[in-house]
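Written below as structure tokens is the structure these notes are about.
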Amino acid sequence: MTLSDNIFTRHLRRLCLAGIGSELIPAFLRTRLLNMLGASLDPSACIWPDCHLRSTNITMGRESFINVGFFFDGAARLTIGNNVRVGQFLSVVTATHDVGPAEQRCTVEAVLGDVVIEDGCWIGLNVTILPGVTIAKGCVIGAGSLVTKSTEPNGLYVGSPARRLRDLPPGKPEKGKGRTAERMPSPFPSTQRAGATVE
């Protein structure tokens, strides 16, 4: 393959990914198209529109859901387990740089690190996850957090950098505990939620 072919192919792939991330593509079709391009998304997984994916180096498990505004740099792998819920504007970064000398503090060579979000996690609004981080099973990451280090299971992490605020119960919460707000059905059609496999 010549250099020009390689540049053309990469640009065409990025155009396809940009189109797939638009409001014009329904969620169930987005999952299928990403799988055709090399991703590994369970048919019940769902990524909402306005997503910016720089590659299809992503795996998503059963019933996992990512809300609007998702950014993934695509340099290394992103693995998302089962039953993960992600709020708006998640940024997952899998590439960084070493600190160089005073003449150029950001070295040219990229340092890559896979990101893993294990089963059952809930990632809040406007969270950023940095390279090499694993969000352990059953964690909640509070809104606006910057996750710079891997977490331990079943914890609430909040802040910049994110720190463990408290332990979360590994099983079902006791009746009467937690929020008392009235539960409302989703206003969105089933084809726009996790678990949507047909039009």
Side-chain angles (χ1 to χ4, degrees), residues 1-82 84-99 106-119 121-136 139 141 145-151 161-162 194:
M1 181 179 283
T2 66
L3 180 62
S4 61
D5 289 338
N6 194 23
I7 290 170
F8 176 76
T9 303
R10 282 185 295 179
H11 185 67
L12 186 60
R13 189 175 184 84
R14 285 188 176 171
L15 285 176
C16 288
L17 288 173
I20 289 170
S22 81
E23 289 277 0
L24 301 174
I25 305 295
F28 78 93
L29 185 55
R30 182 174 297 107
T31 299
R32 292 177 184 172
L33 291 172
L34 287 171
N35 282 339
M36 288 173 58
L37 289 174
S40 180
L41 279 59
D42 187 90
S44 65
C46 178
I47 301 175
W48 268 21
D50 196 25
C51 58
H52 303 276
L53 308 176
R54 303 294 287 175
S55 82
T56 54
N57 202 5
I58 179 172
T59 299
M60 283 180 75
R62 293 184 319 276
E63 303 293 328
S64 288
F65 169 82
I66 300 177
N67 214 316
V68 297
F70 172 47
F71 172 80
F72 171 50
D73 73 348
R77 176 156 287 282
L78 169 60
T79 302
I80 297 172
N82 301 319
V84 171
R85 294 293 185 270
V86 175
Q88 298 94 329
F89 309 112
L90 169 68
S91 294
V92 175
V93 181
T94 59
T96 186
H97 301 270
D98 286 326
V99 177
C106 178
T107 58
V108 175
E109 297 78 14
V111 178
L112 307 183
D114 295 344
V115 168
V116 177
I117 303 173
E118 294 182 348
D119 296 351
C121 291
W122 179 14
I123 312 297
L125 163 79
N126 202 29
V127 168
T128 299
I129 303 173
L130 295 187
V133 166
T134 294
I135 308 292
C139 281
I141 308 298
S145 295
L146 172 65
V147 189
T148 61
K149 294 180 181 177
S150 295
T151 69

When you compare the side chain of Asp50 with that of His52, does any pair of heavy atoms fall below 4.5 Å?
yes
Can Phe70 and Val86 be said to form a side chain to side chain contact (heavy atoms under 4.5 Å, CB included), step by step?
CA-CA 9 Å; Phe70 172 47; Val86 175; 5.7 Å; no
Chi angles and distances behind the side chain to side chain contact (heavy atoms under 4.5 Å, CB included) call for Ile135, Val84:
CA-CA 11 Å; Ile135 308 292; Val84 171; over 6 Å; no
Please examine the side chains of Leu37 and Cys16, heavy atoms only from C-beta on, and report whether any two atoms are closer than 4.5 Å.
yes
Starting from the C-alpha separation in whole Å, work towards a yes-or-no answer on side chain to side chain contact (heavy atoms under 4.5 Å, CB included) for Ile58 and Val92.
CA-CA 11 Å; Ile58 179 172; Val92 175; over 6 Å; no
As an exercise, state the distance from CG of Leu146 to OG of Ser91, rounded to the nearest 0.5 Å.
10.0 Å
So do Ile123 and Val147 actually touch side chain to side chain, heavy atoms under 4.5 Å?
no
Mind listing the closest non-hydrogen atom pair of Ser44 and Glu63 along with its distance?
OG-N, 2.8 Å
Side-chain contact, heavy-atom cut-off 4.5 Å: Thr94 with Phe72?
yes
Looking at Ala136 and Cys121, what are the two nearest heavy atoms and their distance?
O-SG, 3.0 Å
What's the spacing between Leu15 CG and Ile20 CD1 if we round to 0.5 Å?
11.0 Å
If every non-hydrogen atom of Pro131 is compared with every non-hydrogen atom of Val115, which pair is closest and at what distance?
CA-CG2, 4.3 Å
So with a 6.0 Å cut-off around CZ of Arg62, is the heavy-atom count from everything else above 12?
no
In Å, rounded to the nearest 0.5 Å, how long is the span from CZ of Arg13 to OG of Ser55?
7.5 Å
When every non-hydrogen atom of Arg54 is compared with those of Arg14, the smallest separation belongs to NH2-NH1, 2.9 Å
Would you mind reporting whether Val127 and Leu90 have side-chain heavy atoms less than 4.5 Å apart?
yes
Note: Ser22 and Pro49 closest approach over all heavy atoms is O-CB, 3.8 Å
Nearest 0.5 Å, what's the CG-CE distance between Asn82 and Met60?
10.0 Å
Check: Leu41 main-chain N/O paired with Asn35 side-chain donor or acceptor under 3.5 Å
yes
Distance in Å, Arg30 CZ paired with Leu24 CG, rounded so as to fall on 0.5 Å steps:
9.5 Å
Within a strict 4.5 Å, meaning less than it, do heavy atoms of the Thr134 and Asp114 side chains meet?
no
So, Ser145 side chain and Ala162 main chain: donor-acceptor pair closer than 3.5 Å or not?
no
Closest non-hydrogen atom pair between Ile25 and Leu33, with its separation
CG2-CD1, 4.2 Å
Member of Ile129, Leu130, Thr128, Val133 meeting the side-chain contact (heavy atoms from CB on, under 4.5 Å) criterion with Thr148:
Leu130
Could you give the distance from CZ (Phe71) to CG (Leu53), rounded to the nearest 0.5 Å?
9.0 Å
